4 protein chains.
Amino acid sequence: MKKMKPKYMQIIDAAVIVIAENGYHQAQVAKIAKQAGVADGTIYLYFKNKEDILISLFEEKMGSFVEKIDEEIAGKKTAAEKLLVLVETHFQLLSEDHHMAIVTQLELRQSNKELRMRINNVLKGYLQVIDKIIIEGIETGEFSETLDVRLVRQMVFGTIDEIVTSWVLNEEKFNLTALAPKVHRLLINGFAGC
Amino acid sequence: MKKMKPKYMQIIDAAVIVIAENGYHQAQVAKIAKQAGVADGTIYLYFKNKEDILISLFEEKMGSFVEKIDEEIAGKKTAAEKLLVLVETHFQLLSEDHHMAIVTQLELRQSNKELRMRINNVLKGYLQVIDKIIIEGIETGEFSETLDVRLVRQMVFGTIDEIVTSWVLNEEKFNLTALAPKVHRLLINGFAGC
Amino acid sequence: MKKMKPKYMQIIDAAVIVIAENGYHQAQVAKIAKQAGVADGTIYLYFKNKEDILISLFEEKMGSFVEKIDEEIAGKKTAAEKLLVLVETHFQLLSEDHHMAIVTQLELRQSNKELRMRINNVLKGYLQVIDKIIIEGIETGEFSETLDVRLVRQMVFGTIDEIVTSWVLNEEKFNLTALAPKVHRLLINGFAGC
Amino acid sequence: MKKMKPKYMQIIDAAVIVIAENGYHQAQVAKIAKQAGVADGTIYLYFKNKEDILISLFEEKMGSFVEKIDEEIAGKKTAAEKLLVLVETHFQLLSEDHHMAIVTQLELRQSNKELRMRINNVLKGYLQVIDKIIIEGIETGEFSETLDVRLVRQMVFGTIDEIVTSWVLNEEKFNLTALAPKVHRLLINGFAGC
DNA sequence: AATGAATGAGTATTCATTCAT
DNA sequence: AATGAATGAATACTCATTCAT
């Protein structure tokens with residue numbers, strides 16, 4: 001399995017650094033190879049092409065992202081609590097990884113439509129985690145039983161994503177994680193705050 | 001004033017079509033010129049460079065977008081009503097303009113960071129419209145007085161944007177405008193639906 | 001006769017200024033037109049094309065250059081004296097016209113081979129003045145009767161031209177005209193200075 | 001050291017041929033690459049940009065030019081003899097290399113001012129060879145002790161250059177090398193031929 | 001497995017010239 | 001005579017990918 005070979009992750013980590021520091025359009029394969037300490041051609045022993053590096057990067061990172069969130073959620077009882085932990089952990093993980101925050105929120109979005117659709121596919125694993133929480137909340141009666149799960153998921157993800165992007169664009173000047181409870185309350189209660 | 005010259009809008013409209021149909025990275029100046037029915041060089045009588053076409057495109061379209069939403073909102077009394085109209089009109093306008101929907105939700109996001117920051121600047125006008133509604137709602141007591149305006153705005157915009165993008169990615173298979181009331185209810189009342 | 005029309009010289013004078021101040025390759029027709037205070041299209045009522053402006057420029061300026069030198073030489077008796085006056089006047093006229101010095105020594109040499117051959121043709125009038133002095137000197141016995149007129153003319157012109165070019169490249173920091181007697185002595189007596 | 005790689009000189013030699021045969025402004029990079037038998041992109045592995053090819057071309061060729069002249073001069077005793085050999089070798093080397101003659105006398109002068117000043121810099125090595133001869137001649141008493149070295153050098157170079165250019169413009173119809181003794185005598189003795 | 005030299009397709013922009021008014 | 005908006009041909013350079021070693 002190629003993922004076991006040390007150079008596989010070495011190249012992916014190099015890609016994150018190069019993209020974060022140079023921007024998507026300045027992240028040439030040669031630069032990634034240099035950062036990874038391998039020859040240009042070596043890249044192609046581990047990845048089909050440049051796009052494959054980016055997809056794999058997203059898959060690997062998003063995979064462990066979802067794993068960590070799953071772990072954190074596991075112990076929580078109510079759906080509301082789980083949602084809070086999801087928002088908190090999402091904010092926390094990106095706060096801790098400056099490079100990944102830039103790459104996911106800004107740089108990877110410059111990829112072409114096709115690549116973005118494949119990235120969206122990877123994202124589905126995360127969206128399912130959100131869906132599960134919503135469905136659980138509806139079933140336990142915590143959330144309104146009339147909720148449209150897809151719409152709610154889009155509200156949750158859209159809100160979180162917009163806030164994180166804004167935080168990155170503002171050069172991460174404020175404490176993102178601290179916002180989690182307020183965001184959670186907004187999502188649960190809406191404007192009314194009933 | 002350059003905007004009065006017919007070829008100015010002619011080129012911008014051509015750019016929208018070419019970008020929507022070919023994708024951002026396949027939207028060569030020559031293609032835009034051909035679509036607009038002018039010579040390549042004529043483009044440069046009206047725009048400084050290619051980037052200037054894209055900025056101008058966004059300014060012109062976003063300008064009339066905000067204008068139309070402002071008009072629709074004008075007659076409404078409550079902040080909640082205004083918010084509904086905003087969501088409705090936002091959905092409506094993009095539903096009516098297939099090409100612009102693709103361009104704003106998918107293609108223009110592939111532009112480089114600098115261009116995107118300039119686009120964000122144009123977007124501010126729209127965000128201020130949202131802010132005004134929120135502030136009005138707080139002042140009239142419709143909305144909770146503890147709301148963090150920025151966060152709320154990010155929830156509103158992030159939610160709308162995510163829904164529209166998802167609609168475009170799904171090839172506009174469902175009726176977007178019809179979702180407005182449900183989205184509005186979600187934003188106002190949250191999951192609880194009190 | 002087109003040369004009588006005021007705009008003809010107006011455009012030529014504008015070309016000298018534009019070329020001197022912007023360089024040959026930055027001297028666009030539009031810039032010359034603007035400097036001359038006419039529309040771009042008007043240029044083509046007086047000149048066949050851009051090259052024709054440059055040829056005409058050189059013809060007009062070189063014409064009056066030769067005329068003035070002829071006048072100065074007229075009164076002199078010996079060939080040696082005439083040669084001194086020629087060098088002196090050549091230096092003097094270019095010292096007085098900063099723009100023309102730059103245009104003739106640096107900028108016009110960047111034109112293509114064909115244009116340069118046509119310019120060389122115009123130059124022949126000047127070279128004949130030199131030839132006449134040499135021939136007269138040989139006939140009066142002032143100069144060696146074994147002189148190869150063409151070679152001597154090339155030495156005279158090559159020397160003068162190299163000195164003027166060097167003076168322009170040095171940003172005209174020294175008094176060019178003051179060099180004339182030394183240059184004259186060198187040409188007449190060579191290194192030996194017998 | 002890049003100069004050791006065979007393709008470096010291969011490209012430079014191709015550039016000389018392409019420029020000589022097509023003219024400076026028709027010497028596209030693609031043409032040079034084709035003539036050199038390499039891909040367009042390969043050019044940029046050896047040269048920073050097109051201008052760098054031209055500078056390097058001049059440096060390499062002028063370097064060996066000066067070397068050869070230095071070698072020829074080495075065995076000669078008097079300054080006058082050395083001057084003769086310099087003129088002779090200068091004429092000889094350009095007679096032997098039709099392409100370089102065209103390139104140095106006609107084509108390279110069409111480059112822009114900045115490139116020309118960098119070329120002038122390379123030329124300084126040659127001018128110093130001339131200077132050394134003049135200074136030596138003054139010190140040994142062969143030449144007048146009142147000579148202005150810079151002026152004399154300009155006379156020598158200006159004369160040689162003008163003669164060679166004229167020879168190239170006349171399509172090299174006469175024997176250039178055979179002129180050396182006459183040119184030498186002219187420079188040494190001037191018109192008087194004492 | 002690893003290398004890195006070589007490849008070659010692809011594109012924004014300028015500017016001399018024209019011609020309808 | 002004069003205008004100036006419109007034209008469209010022409011070109012250096014980058015970088016993902018390959019393949020001989």
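The structure displayed is predicted, hence computed values, not measured ones. Naming: A, B, ... by sequence-line order, numbering from 1 per chain.
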* When Watson-Crick pairs (N1 to N3 and N6-O4 or O6-N4) and G-U wobble pairs (N1-O2 and O6-N3) count only below 3.5 Å on both distances, what is the dot-bracket string of DNA chain F, with | for other-strand pairs? -> .||||||||||||||||||||

* Show your working on side chain to side chain contact (heavy atoms under 4.5 Å, CB included) between Leu57(D) and Asp13(D) and close with a plain yes or no. => CA-CA 8 Å; Leu57(D) 179 166; Asp13(D) 289 336; over 6 Å; no

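For Gln26(A), taking side-chain heavy atoms from C-beta onward, the closest of the listed nucleotides dT3(E), dC15(F), dT7(E) is dC15(F). Side chain of Tyr46(A), nearest nucleotide from dA2(E), dA1(F), dG8(F): dA2(E). Comparing dA6(F), dC15(F), dT7(E) by their closest approach to the side chain of Thr42(B) singles out dA6(F).
The distance from atom NE2 of His25(B) to atom C1' of dC15(F) is 15 Å, rounded to the nearest whole Å. Summarising the geometry, the separation between CD1 on Ile53(B) and P on dT11(E) is reported as 15 Å, rounded to the nearest angstrom. Rounding to whole angstrom units, NZ of residue Lys34(A) and P of dG4(E) are separated by 12 Å. Rounding to whole angstrom units, CG of residue Asp52(C) and C1' of dA16(E) are separated by 14 Å. Rounded to whole angstrom, the span from the CD1 atom of Ile32(A) across to the P atom of dC15(F) amounts to 12 Å. Counting to the nearest Å, the P atom of dA12(F) and the OH atom of Tyr24(D) are 10 Å from each other. The distance between atom CD of Gln10(A) and atom P of dA1(E), rounded to the nearest whole Å, is 14 Å. For the pair Phe47(B) CZ and dA6(F) P, the interatomic distance rounds to 12 Å; values are reported in whole Å.
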Restricting to nitrogen or oxygen on both sides, can you table the protein-nucleotides 17-21 of chain F pairs closer than 3.5 Å?
from    : atom 1 : to       : atom 2 : distance (Å)
dT17(F) : OP2    : Tyr44(A) : OH     : 3.0
dT17(F) : OP2    : Lys50(A) : N      : 2.9

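Looking at Asp40(D) and Lys31(D), no side-chain N of the basic residue comes within less than 4.0 Å of a carboxylate O on the acidic one, giving no salt bridge.
Within the 4.0 Å cut-off from OP1 or OP2 of dA1(F), not a single side-chain nitrogen or oxygen of Lys7(C) is found.
Not counting sequence neighbours, the partners of Leu123(A) by the side-chain contact (heavy atoms from CB on, under 4.5 Å) test are Phe58(A), Met62(A), Asn120(A), Phe157(A). A search for ring-ring contact (aromatic ring centres under 6.0 Å, His included) contacts involving Tyr24(B) returns nothing, not counting sequence neighbours. His98(A) is linked by a side-chain contact (heavy atoms from CB on, under 4.5 Å) to Ile102(A), Glu172(A), counting only residues two or more places apart in sequence or in another chain. Taking Asn49(A) as the reference, Glu51(A), Asp52(A) meet the side-chain contact (heavy atoms from CB on, under 4.5 Å) condition, with sequence neighbours excluded. Scanning for ring-ring contact (aromatic ring centres under 6.0 Å, His included) contacts around His25(D) gives His25(C), with sequence neighbours left out. For Asp161(C), the salt bridge (charged side-chain N to carboxylate O under 4.0 Å, His left out) partners at least two apart in sequence or on another chain are Arg109(C). In this structure Phe65(C) satisfies the ring-ring contact (aromatic ring centres under 6.0 Å, His included) test together with His90(C), Tyr126(C), sequence neighbours excluded.
With the nearest nucleotide of DNA chain F identified for both Ile43(C) and Ile43(B), Ile43(C) has the one nearer the 5' end.
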